[in-house]
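The basis for the numbers below is simple: all heavy atoms, side chains too, and nothing from hydrogens, waters or symmetry mates. A note on names: the letters A, B, ... follow the listed sequences, proteins ahead of strands, and every chain is numbered from 1.
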Amino acid sequence: MIGDKLATRIKDWDGSGFQVETGKKTLILNGTKTSSVLNSVLTEIYHLKKENSVKYSRRNDNIRPFESGGETSLEFFSYKTDCSLFVFGSHSKKRPNNLVIGRTYDHHIYDLVEIGVENFKSMNSFAYDKKLAPQIGSKAFFAFIGEGFESVEELKHLKEILLDLFHGEDVTNLNLSGLDRVYVCTAISSNKVFFTHCALRLKKSGTIVPRMELVEVGPSMDMVVRRHCLPDDSLRKEAMKIAPELTKKKEKNVTKDAIQGKIGKIYIPDQKVGSVALPHKAKGVKRERREAKMKDESNRPAEKKEKQHSE
Amino acid sequence: MAQSEYEIDLGNLMAFDPHRQFPSTSSSREELVKEAIEQGTKLVQAVADALFNLPSTEDRDGPIVKLPAPSTKLPREKPLPKPRPPTNWELFAQKKGIQKHKKDKLAFDEQTGTWKRRHGYDRVNDDKDIPIIEAKMTDEPGTDPFAERRKEKKGRVDKQERNRLQNLKQAAKVGALPSHVQLAATALPITGTQAMPRKVSKDELQNVAGMASTATASGGKFDKKLPGEKPPKHEKKYRKFLPAAEGSGMGALEKQQTEKVLNKLISKNSHNVLNVEKAVNMYNVKKDKKRKNNEGKPSTRSKLKPNKKSLKKSSKRVSSNKGK
């Protein structure tokens, strides 16, 4: 297409986005050292978000999200893969089983939250009926429990990021039979959140609304919030901008006149006068004709009048 | 205790219970998990109540509801698209005060005296319909006026196309490409599977001419060379003949040649002998399947990945023994 040729000629293409954005992609990668727990966490998150995430398998030694120089690699990867969410796992003595979940705006770091994973139970360790297993890509329910999510800054931030990570796409039409998963996050202390993923079973109840039953399918883990980095106000304002509603809906066939005020045009469909069905007053006509005929048998139909040329 | 004042965000299918307290960390983990799931169930039920009471339309897969927009605002991932800069024509029209008028689909054709459509089959003012063109004083004899008209029209169409591309380039410079053009261009990073246009290197370009010249009978020896073009790397034809008289020692060329041929033949048929890689893969797959059947749960591993888990298990076993 001509667009292709155009793209190759443009060197400094600035990738600004759409008015209304579709789903964000996630980049999953790890740092210098990982533990087995962290590896399973990363793979399971990847499986939960199979369709819109990219997982890097190699180590990345030069990524330190919280340091000022250490995020250039991340931003580069985010640009290359067009992912605006990332999950970065690393393991060290000081911060064991460390997971940094972050977002980018315009391929620059927007915000970060660092959590430690404890008491991790993988999907394989849960036994459940195979039929309940949630489908890949289904829209998930979210249940956030605990006042901590409202009162503690870090937990508020974590709530927003978890929502962003797992909420999938914003759809308008939702098929109610395809609802099969829920993420339950409970704030058990001011810095710990118990996170688990459950499958939904809809049971018959008396009303239209089915009774919900949750079956844990995993993964489940305790997230201990370690550090977090909020965006500055100006960046936040810019990122939260909503596209201004374009031209208001035009009212068709309505004009405003200075003298007469509001005028509307009404279009009437064609009146097919010729083929309209006549009221079938056959009897009346017949009788008249009959009577006329009877009265005046000699009368013939009126003769054709010729056009009079006006002189 | 929990009140039923949940904050529900239907667009995100989210329910938030801000009143629940979990002060007791003393309770065992199982209790905690159970309580969390219980509470979770209540919240999900609340969302489902609201959800299922929305007006729904029946589809073949199930009832479809129209979800409201999510109430929790999440930040964008890319900046808003910038408005397009006005094109040359738009600037000119603004200056002159030319208004845009919407054209009707039908126009009155003077020639036939009927209403014809403006574009498409049997249109108004079609070039084909002109039967006679009167000769002007400036016309040279021998020129075909119909062909002239067609050429002019083609020139106009090409100019318009060039201007359109120019406008797109200007818009792209600012970052305001219309979205359908963005999507169409597959070389852009927007698709995620970025296929960067392969830049042909200088060496490759130099080799291209050489490659083409081998198609000639004399191997490109007598081809006219462009100024600055270097002679091709592999000048002669591609056959190599062994010297007529030669010893049969270690560096014997004939021995090397026959060895090469023999190796090629054997490697071609080595699949009959044993393909080690394939055997390993088959073994791993079998093992996976066996384990799958034994434990009876879905294996999340793809068949192509090597069986890392088993290795780790064995190492753990070894280490635990050592510890004891």
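Looking at Leu13(B), both its backbone and its side chain come within 4.5 Å of chain A, counting heavy atoms on both sides. There is no contact between Arg236(A) and chain B, counting heavy-atom distances below 4.5 Å. Contact of Val184(A) with chain B is made through the side chain alone, with heavy-atom distances under 4.5 Å. For Val182(A), the part lying near chain B is the side chain, with the backbone staying farther off; criterion is any non-hydrogen pair under 4.5 Å. Heavy-atom distances place the side chain of Glu7(B), and not its backbone, under 4.5 Å from chain A. Proximity to chain A (any heavy atom under 4.5 Å) is shown, for Pro63(B), by both the backbone and the side chain. For chain B, the nearby part of Tyr110(A) is the side chain; its heavy atoms alone come within less than 4.5 Å. For Thr72(B), the part lying under 4.5 angstrom from a heavy atom of chain A is the side chain only. Heavy atoms of Leu200(A) lying under 4.5 Å from chain B belong exclusively to its side chain.
Using a 4.0 Å cut-off between charged side-chain N and carboxylate O, Glu238(A) and Lys241(A) make no salt bridge. Salt bridge status for Lys78(B) with Asp82(A): present, with a side-chain N to carboxylate O gap under 4.0 Å.
Checked against the 6.0 Å centroid criterion, the rings of Phe141(A) and Phe166(A) do not qualify as a close aromatic pair.
Taking Lys159(A) as the reference, nothing meets the salt bridge (Lys or Arg N to Asp or Glu O under 4.0 Å) condition, with sequence neighbours excluded.
Between chain A and the options Ser56(B), Ala69(B), Gly62(B), the largest number of non-hydrogen pairs under 4.5 Å is found for Gly62(B). With respect to chain B, the highest number of heavy-atom pairs below 4.5 Å among Thr104(A), Val54(A), Leu163(A), Val215(A) belongs to Leu163(A). Heavy-atom pairs under 4.5 Å with chain A peak, among Asp9(B), Leu51(B), Ile8(B), at Leu51(B). Among Pro210(A), Ser78(A), Cys83(A), Ala133(A), the residue with the largest count of heavy-atom pairs under 4.5 Å with chain B is Pro210(A). When each of Asn119(A), Thr207(A), Ile208(A) is checked for heavy-atom pairs under 4.5 Å with chain B, Asn119(A) comes out on top.
Of the listed residues (Asn173(A), Leu176(A), Asn175(A)), just one forms a side chain to side chain contact (heavy atoms under 4.5 Å, CB included) with Val65(B), and that residue is Leu176(A).
Ring-plane geometry between Phe16(B) and Phe149(A) is classed as perpendicular, the angle between the planes exceeding 60 degrees on a 0 to 90 degree scale with a lower cut at 30.
Panel note: side chain His108(A), backbone Tyr105(A); no donor-acceptor pair is recorded below 3.5 Å.
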Trace of the side-chain hydrogen bond (donor to acceptor under 3.5 Å, both in side chains) decision for Lys66(B) with Thr172(A)
CA-CA 5 Å; Lys66(B) 193 154 178 261; Thr172(A) 38; over 6 Å; no
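Heavy-atom neighbours of Asp233(A) CG from other residues, nucleotides or ligands within 6.0 Å: at or below the threshold of 12.
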